[in-house]
A.B. asks: 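Right, I'll just put the structure down here and ask away after.
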2 protein chains.
Amino acid sequence: MYRKNLTERQYEILEFICRRIDKDSRPPTIREIGREFSISSTKGVFDHLDALEKKGWITKSSGEARGIQPIREKTEELFGKEEGLPIVGSVVAGGPTLAVENVEGLLELDEMFPNQEELFALRVDGDSMIEAGIHKGDILVVRQQPTADVGDIVVAVINDDKGTVKKLSRVDEEVHLKPANPYYDTIVRDPSEVEIRGRVVGVVRKM
Amino acid sequence: MYRKNLTERQYEILEFICRRIDKDSRPPTIREIGREFSISSTKGVFDHLDALEKKGWITKSSGEARGIQPIREKTEELFGKEEGLPIVGSVVAGGPTLAVENVEGLLELDEMFPNQEELFALRVDGDSMIEAGIHKGDILVVRQQPTADVGDIVVAVINDDKGTVKKLSRVDEEVHLKPANPYYDTIVRDPSEVEIRGRVVGVVRKM
DNA sequence: TTGTATACTAAACATAAGTTTAGTAAAATA
DNA sequence: TATTTTACTAAACTTATGTTTAGTATACAA
């Protein structure tokens with residue numbers, strides 16, 4: 001067997017279908033597949049599709065035009081999503097191309113930060129969090145939440161003013177917002193004056 | 001006129017087509033559109049599609065089943081891509097929801113780092129670049145290139161060994177790879193021993 | 001007021017595309 | 001060795017889908 005219980009022909013055809021969907025935003029017809037692979041009879045293609053369906057790689061909406069629908073979770077694993085950047089664990093000597101064996105995964109925001117509904121991004125203005133690796137111009141990924149734990153880096157609004165990014169801590173009855181920069185002072189306020197808007201869960205920087 | 005020279009009906013139908021493509025990876029048929037909008041005659045829908053084509057929002061592959069193809073650049077602008085996180089410039093007081101007026105753009109890797117073919121991502125191992133805001137566990141976005149300028153943060157391989165991330169500089173005839181951490185030493189080598197694999201163009205961190 | 005654009009119905013038509021029947025041949029499997 | 005699976009051809013059939021013809025009604029501009 002060629003790959004994952006598919007014959008070579010089935011693999012080729014499945015790949016063609018997926019590439020066509022990526023390219024044209026619609027699946028090919030049986031005859032279009034036949035043309036691509038020089039299969040003159042529609043039955044020849046039909047049989048391959050039956051096999052692909054039986055093996056769980058596609059579903060066919062019976063009777064509908066362009067009814068082939070690949071099972072995305074499976075085919076994406078097989079052919080890749082054509083999205084994101086390959087993450088490598090280390091760069092080794094050799095040619096200029098990346099060794100595929102070395103690839104750990106794909107860098108993609110969707111995967112890295114799921115639950116996008118709760119997230120927003122915030123451009124950093126000052127340099128008060130520089131020692132936490134947060135620089136001016138960085139974009140923070142923030143999870144919207146009204147409370148946070150001590151030690152979290154939070155986005156907070158003080159006295160209905162502009163938002164600020166600081167490390168949260170509590171002493172006695174007061175909220176402490178600590179910068180990660182020795183040239184800035186800790187902000188100490190009564191809890192009623194501080195409104196937590198979210199917790200920083202990621203940083204994205206373009207250099 | 002409703003929006004961008006479209007009538008309300010045309011806008012609705014165009015939106016339906018785009019959402020259907022996003023959802024099902026294929027455009028609807030004329031009759032499917034008719035069903036959605038309770039238009040019993042295919043001609044009713046057909047006329048709308050003609051209007052949409054004349055106004056430059058879609059193309060129709062004449063004679064082909066599911067031949068409607070929206071002009072992506074235009075429709076994405078109209079309906080959004082449903083991808084990425086909204087980037088806000090500042091967080092202001094008020095409700096827990098984000099003010100739309102405040103949104104500067106969308107955070108998406110494709111847009112932030114185009115030319116994906118030349119890019120790869122590298123997981124950072126040590127803490128030698130901590131003062132450059134590069135921490136252990138961060139993922140670097142690296143542009144593959146065999147040379148770099150002085151001052152660039154580069155991924156380099158020394159003596160065919162494991163890759164390292166340092167700031168590039170040159171003194172006399174030698175390559176200096178400078179860490180951004182006072183506890184580490186600058187690596188000084190002959191150019192023949194250093195192979196530059198790429199330049200760091202971004203950082204992504206999950207916290 | 002006449003024409004043009006919008007927004008449809010109803011019915012017929014043409015064809016693109018899915019499906020089925022009948023059969024061949026080689027390769028893999030039991 | 002027999003049987004199943006793979007990989008097709010050829011032709012007919014069905015139907016989903018695109019297209020056209022003929023006509024109604026309203027709104028708007030020239």
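Sequence lines set the chain letters: A, B, ... in the order given, protein chains first and strands last, and positions in each chain run from 1.
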A.B. asks: What does A/R9 touch in the nucleic acid at a heavy-atom separation under 4.0 angstrom: a base, only the sugar-phosphate, or nothing?
C.D. replies: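 Sugar-phosphate: the residue A/R9, judged by heavy atoms under 4.0 Å, touches backbone atoms but no base.
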A.B. asks: Rounding to an integer number of Å, can you tell me how far A/E32 CD sits from C/dG18 C1'?
C.D. replies: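 After rounding, the reported distance stands at 13 Å.
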A.B. asks: List in chain and number order the residues that pass salt bridge (Lys or Arg N to Asp or Glu O under 4.0 Å) with A/D127, two or more places apart in sequence or in another chain; answer none if no residue qualifies.
C.D. replies: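 Checked A/D127 against salt bridge (Lys or Arg N to Asp or Glu O under 4.0 Å); zero matches.
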A.B. asks: So, do A/L49 and A/I17 sit near enough that their side-chain heavy atoms are less than 4.5 Å apart?
C.D. replies: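 Yes. Closest side-chain heavy atoms under 4.5 Å.
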A.B. asks: Within the 4.0 Å heavy-atom criterion, would you say B/E64 contacts the bases, only the backbone, or no part of the nucleic acid?
C.D. replies: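 The residue B/E64 makes sugar-phosphate contact but no base contact.
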A.B. asks: Please pick, from D/dT6, C/dA12, C/dT6, the nucleotide with the shortest atom-to-atom distance to any side-chain atom of A/Q10.
C.D. replies: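 From the listed options, D/dT6 comes nearest.
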A.B. asks: Are A/K43 and A/D47 close enough for a salt bridge, meaning some N to O gap below 4.0 Å?
C.D. replies: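 Salt bridge: yes.
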A.B. asks: Is the closest side-chain heavy-atom distance between A/N181 and A/E131 below 4.5 Å?
C.D. replies: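 No, too far: nothing below the 4.5 Å cut-off.
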A.B. asks: In whole Å, what is the span from the CD1 atom of B/I30 to the P atom of D/dT15?
C.D. replies: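 After rounding, the gap between these two atoms is 21 Å.
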A.B. asks: Short of 4.0 Å, heavy atom to strand atom, which residues of residues 38-50 of chain A count as contacting DNA chain C?
C.D. replies: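 Of all residues in residues 38-50 of chain A, the ones placing a heavy atom under 4.0 Å from DNA chain C are A/T42, A/K43, A/F46.
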A.B. asks: Determine the contact category for B/K55: base if any of its heavy atoms lies under 4.0 Å from a base atom, sugar-phosphate if only primed atoms, P, OP1 or OP2 are that close, otherwise nothing.
C.D. replies: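 B/K55: backbone/sugar contact only, no base atoms under 4.0 Å.
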A.B. asks: Any carboxylate oxygen within less than 4.0 angstrom of a Lys/Arg side-chain nitrogen, looking at B/R19 and B/E36?
C.D. replies: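 No.
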A.B. asks: Nearest heavy atom decides the nucleotide; on that basis, is A/R31 or A/A51 closer to the 5' end of DNA chain D?
C.D. replies: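 Between the two, 5'-proximity favours A/A51.
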A.B. asks: So do the side chains of B/V154 and B/L177 get within less than 4.5 Å of each other, counting heavy atoms only?
C.D. replies: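 Yes; the side chains approach each other to less than 4.5 Å.
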